[in-house]
Amino acid sequence: MSTAEVARDFTHIDQPLARIAADIDAMFEEVLVQPSDPSARLLNAMRHAAIGGGKRLRPLLACASADLFDVPRSLSLRAGLAVECIHVHSLIHDDLPCMDDDDLRRGKPTVHVAFDEATAVLAGDSLLALAFEILSDPATHPLAEVRVELVRDLAHAAGAFGMAGGQMLDLLPAYQPADMEAVARLQRLKTGALIGWSVECGAVLGRAGAEERLSLRGYAQNLGLAFQIADDLLDVTGDPSAVGKRLRKDGDQGKETFVTLLGADRARRQAEMLVDQAIEHLHPFAASAELLIAIARFSISRDR
């Protein structure tokens, strides 16, 4: 079955996504318990952003990669929860008036609209801290060296040489990438770094060898760019009610994207080629990588 044919059949991905979403929501309910004092406002803001909605693609990637190495789901879900904490933190801050200034996220008011800007900043900060609290707990893995590697790699992926660095480039008026290489570099940092960690954390949890890690790294790099092209296409052609946020922002701000550089048709073909390349990297895992293959194909065929 071709990539295009499989892309129209979401049966391979809908159920795993729904299960992971339910598991992650349940875990957020457990760790974000509402206290009976004034600090409840902060927890309510964190819950508003974290519970319900979202694709939960990063936790699913964490679990799917860990499954390759027979890692217990109880461990990989904790890694998935940690990276989702970082992702939600980034969305809260990205929506602030000083950043992209959005009032809708995942189909509901953004945190600074539902609460206030100061609470939104603190909610994002608290989710960032919570991610590392989760990873450093022995419940995530019995071996301290594994936990340290997870923490170190996620800190790198989230910081100045990963997601935050990419966001900085995206905000700089003087930084206007005008070619594919520059746009790809920005997106490898802003979007690809957390996707890369989500894939590679399974190999860390499973104490995989160098060759297996290299294959997963190649898969993640191609998937991250394909995922961003799909986001760029959704920003131009998507339905705001399905996507759950304001669209056409990049065009309104004059930002260069894969779509502005290539046009919609060429961008779509580029994304399909990247997905095919991502899947090639999974060849050593044979049938065990079926879910990762389905995720790659879903990534460029989604409507949200």
Side-chain angles (χ1 to χ4, degrees), residues 24 50 56-66 68-69 71 75-94 99 121 124-141 143-172 175 177 181-228 231 278 281 292:
I24 293 295
R56 309 300 196 197
L57 190 67
R58 290 158 188 80
L60 181 60
L61 283 167
C63 291
S65 65
L68 296 174
F69 309 105
V71 175
L75 305 189
S76 57
L77 273 172
R78 289 182 61 85
L81 180 65
V83 74
E84 191 68 6
C85 285
I86 299 284
H87 179 54
V88 177
H89 137 79
S90 74
L91 299 181
I92 295 172
H93 284 186
D94 194 39
M99 302 274 272
V121 171
D125 290 346
S126 298
L127 284 163
L128 178 67
L130 178 60
F132 298 108
E133 182 180 341
I134 291 165
L135 288 183
S136 61
D137 193 302
T140 298
H141 199 281
L143 295 177
E145 57 264 37
V146 170
R147 301 196 302 274
V148 167
E149 185 173 356
L150 291 171
V151 167
R152 182 196 64 205
D153 291 351
L154 185 56
H156 185 83
F161 299 100
M163 179 187 68
Q167 181 65 35
M168 184 75 259
L169 292 177
D170 202 27
L171 288 170
L172 289 174
Y175 186 84
E181 183 177 347
V183 172
R185 176 177 178 268
L186 187 156
Q187 299 303 345
R188 273 194 294 269
L189 295 174
K190 184 179 176 183
T191 303
L194 282 193
I195 287 177
W197 186 90
S198 301
V199 173
E200 293 184 52
C201 76
V204 176
L205 287 167
R207 311 199 77 188
E211 290 295 323
E212 293 165 316
R213 292 191 185 204
L214 185 63
S215 294
L216 287 175
R217 190 170 300 124
Y219 166 85
Q221 288 173 351
N222 285 286
L223 174 65
L225 286 179
F227 184 89
Q228 184 57 50
D231 262 6
H281 284 289
L292 287 173

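No hydrogens, no waters, no symmetry mates; every other heavy atom, side chains included, goes into these values.
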Any Lys/Arg nitrogen of Glu149 or Arg213 sitting under 4.0 Å from an Asp/Glu carboxylate oxygen of the other? yes
Give every residue pair that meets the salt bridge (charged side-chain N to carboxylate O under 4.0 Å, His left out) criterion with at least one member in residues 192-209, sequence neighbours excluded. Glu145-Arg207, Glu200-Arg217
Can you find a pair of side-chain heavy atoms, one from [X] and one from [Y], that are under 4.5 Å apart?
X: Lys190; Y: Leu169; result: no
X: Ser76; Y: Leu205; result: yes
X: Phe227; Y: Gln187; result: no
X: Val83; Y: Leu61; result: no
X: Asp137; Y: Arg78; result: yes
X: Leu81; Y: Pro59; result: no
X: Arg147; Y: Pro138; result: yes
X: Leu75; Y: Thr140; result: no

Just list the side-chain donor-acceptor pairs under 3.5 Å for residues 154-165, sequence neighbours left out, or say none.
none

Where Ala82 and Ala131 come nearest, the two heavy atoms and their spacing: O-CB, 3.3 Å
The reported gap from CG in Leu225 to CZ in Arg185 (rounded to nearest 0.5 angstrom) is 13.0 Å
Rounded to the nearest 0.5 Å, how far apart are OG of Ser90 and CG of Leu128? 10.0 Å
Would you check if the side chain of Tyr219 reaches a backbone N or O of Leu292 as a donor-acceptor pair within less than 3.5 Å? yes
Do side-chain atoms of Glu212 reach the backbone of Gly209 as a donor and acceptor pair under 3.5 angstrom? yes
Among residues at least two apart in sequence or on other chains, which ones pass ring-ring contact (aromatic ring centres under 6.0 Å, His included) with His93? His89
